[in-house]
Amino acid sequence: MNYADMLLLRFGEFMLKGKNRSRFEKTVLRHVKEIVKPYPNVELTKEFGRIYVQLNGEPAVELVEGLKNVFGIASISPVKVSPSELEGILSVSRHFLNIIAPVPGTTFKVKARRVWKGFPHGSLEMNNLVATPLLQGYPGLIVDVKSPQLEMKVEIRKEHTYIFCENIAGIGGFPLGTNGKAMLLLSGGIDSPVAGWSSMRRGLEVECVHFYSFPYTSELARQKVVDLTRVLSRYAGGIKLHLVPFTEVQTAFTGIGQDNLIITLMRRAMLRIATQLAEREGALAIVTGDSLGQVASQTLPSLNVIGRATVLPLLRPLVMMDKNDIIELSKKIGTYDLSILPYEDCCTLFVPKSPTTNPNLRIVDKIEATLPGYSELLAAAVQATETVRITPYGNELPKDVVNVQAGLQEEWF
Ligand code: ATP
Ligand code: MG
């Protein structure tokens with residue numbers, strides 16, 4: 001692919017949405033600008049339904065890898081650019097075919113499109129004018145106009161003619177943030193980062209909320225979530241991470257003699273706190289990594305009782321997915337290796353021997369209503385929440401870690 005002079009990026013399904021189109025296209029362009037920033041020679045131009053990335057010597061393969069992850073891009077073609085006159089088109093397409101070097105027996109077709117009507121030869125005529133000399137030079141090629149293995153597209157425009165064969169699939173979806181904002185409950189597990197990525201792909205901006213329980217959970221467990229957020233931020237440019245101290249809320253539930261309901265109560269507390277943060281941040285939904293039936297807290301009766309703790313829409317992108325498919329996705333998006341690190345989550349510590357799979361809403365409501373100072377406890381957790389903005393290539397850390405590191409350095413010198 002390093003033969004290319006230019007990459008042609010095509011927008012995805014959101015093109016259908018008439019009046020939002022221009023806003024969506026601008027969002028994709030902004031995201032593309034982020035990706036090409038480390039390549040100073042790249043030039044971008046936007047046109048109806050596409051973006052052109054002039055490479056000017058920058059590496060096509062690397063750029064395609066990055067651009068494939070931009071939400072809203074349906075496909076990418078590495079393009080060879082020729083002047084818009086017959087001799088030039090013939091010589092560039094011959095050169096192009098030499099680079100591709102198709103094996104004998106490859107089925108082949110040229111598909112020309114005359115966009116610039118001032119060009120003297122029509123599309124059908126150009127198919128023949130280009131294909132005939134190429135076939136003479138490559139006697140091993142077999143013409144197949146229905147479903148060829150190699151289709152050379154020749155797009156004739158006024159300024160230039162674009163010649164390309166490859167159509168590399170992009171990630172598709174909606175441009176980031178064009179469908180609003182949601183709070184993602186991010187644990188250190190496999191599921192919730194995948195749920196976050198799936199939401200982002202659907203055009204949601206996400207802010208992450210993580211609950212930790214010092215000293216029951218370690219600094220490493222929290223760091224893992226910072227690292228996971230950083231991986232997710234590659235798809236967003238930057239993500240806010242809210243770190244909620246959860247120890248006091250959690251310990252309030254122990255000792256009430258209803259151990260089998262502890263997970264239900266903790267999940268509801270998480271949702272209540274996340275709802276308050278959502279209101280503060282202007283988010284309109286909460287995303288979780290729940291998948292139906294995976295564990296006791298994800299049976300339908302549990303999801304029902306837990307879900308009632310928030311008035312916001314609860315989005316569960318993985319709810320109908322099999323674990324294997326979720327794992328595949330987590331490998332693809334780059335979160336898997338972090339997720340399987342063996343640090344404890346705040347919930348696993350308090351897991352009773354037999355968590356209920358069928359909690360009783362009336363009882364849960366009553367426990368919460370009679371727990372002394374419960375809403376103050378939740379408000380205090382919201383109050384003590386620390387927010388860190390995480391960027392793809394930065395090394396932002398929670399304040400207490402930064403302070404500890406600074407302290408260590410002072411001692412050292
Ligand atoms: P995951 O792999 O995402 O941890 P899981 O299959 O382990 O999910 P649970 O541990 O039951 O399932 O958690 C269900 C969901 O609750 C998670 O996907 C996540 O959205 C949320 N959650 C759990 N623990 C936390 C936490 N400590 N902080 C924030 N959200 C959490
Ligand atoms: Mg988990």
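Read the numbers this way: they start at 1 and go in the same order the structure lists the ligands and their atoms. Note: hydrogens, waters and symmetry copies are ignored here, and every other heavy atom, side chains too, is used.
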Any nitrogen or oxygen of [X], main chain or side chain, under 3.5 Å from a nitrogen or oxygen of ligand 1?
X: Thr288; value: no
X: Leu185; value: yes
X: Val287; value: no
X: Gly289; value: yes

Sub-4.0 Å atoms of ligand 1 with respect to non-hydrogen atoms of [X]:
X: Asp290; value: 14 (C), 15 (C), 18 (O)
X: Ile190; value: 2 (O)
X: Val209; value: 29 (C)
X: Gly189; value: 1 (P), 2 (O), 4 (O)
X: Ser297; value: 11 (O)

Are Tyr212 and Phe246 an aromatic pair, judged by ring center distance below 6.0 Å? no

Please tell me whether Phe108 and Tyr138 form a close aromatic pair, meaning their ring centres lie under 6.0 Å apart.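 Ring centres of Tyr138 and Phe108 not closer than 6.0 Å.
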
Distance under 6.0 Å and angle within 45° of ring axis: Arg114 vs Phe119: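 No, cation not above the ring by the 6.0 Å, 45° rule.
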
Both conditions, 6.0 Å and 45 degrees, for the charged tip of Lys331 above the ring of Tyr336: are they met here? yes

Proximity to ligand 1 by part of [X], non-hydrogen separation under 4.0 Å:
X: Val295; value: side chain
X: Ile263; value: neither
X: Ser192; value: both

Closest to atom 8 (O) of ligand 1 (judged by heavy-atom distance), picking from Leu271, Asp191, Leu303, Leu186: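 Selected option, by shortest heavy-atom distance: Asp191.
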
Best match, Met270, Arg267, Lys323: closest heavy atom to atom 11 (O) of ligand 1: Arg267

Do Gln149 and Thr106 have side-chain atoms, one donor and one acceptor, less than 3.5 Å apart? no

Going by atom types only, do Glu43 and Asn56 share a side-chain donor-acceptor pair under 3.5 Å? yes

Could you state the interatomic distance from CZ (Arg272) to OG1 (Thr310), rounded to the nearest 0.5 Å?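 So the gap between those two atoms works out to 9.0 Å.
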
Which pairs pass ring pair (Phe, Tyr, Trp, His ring centres under 6.0 Å) with one or both residues in residues 263-303, sequence neighbours excluded? none

Only one of Leu277, Thr387, Ile273 passes side chain to side chain contact (heavy atoms under 4.5 Å, CB included) with Val209; say which it is. Leu277

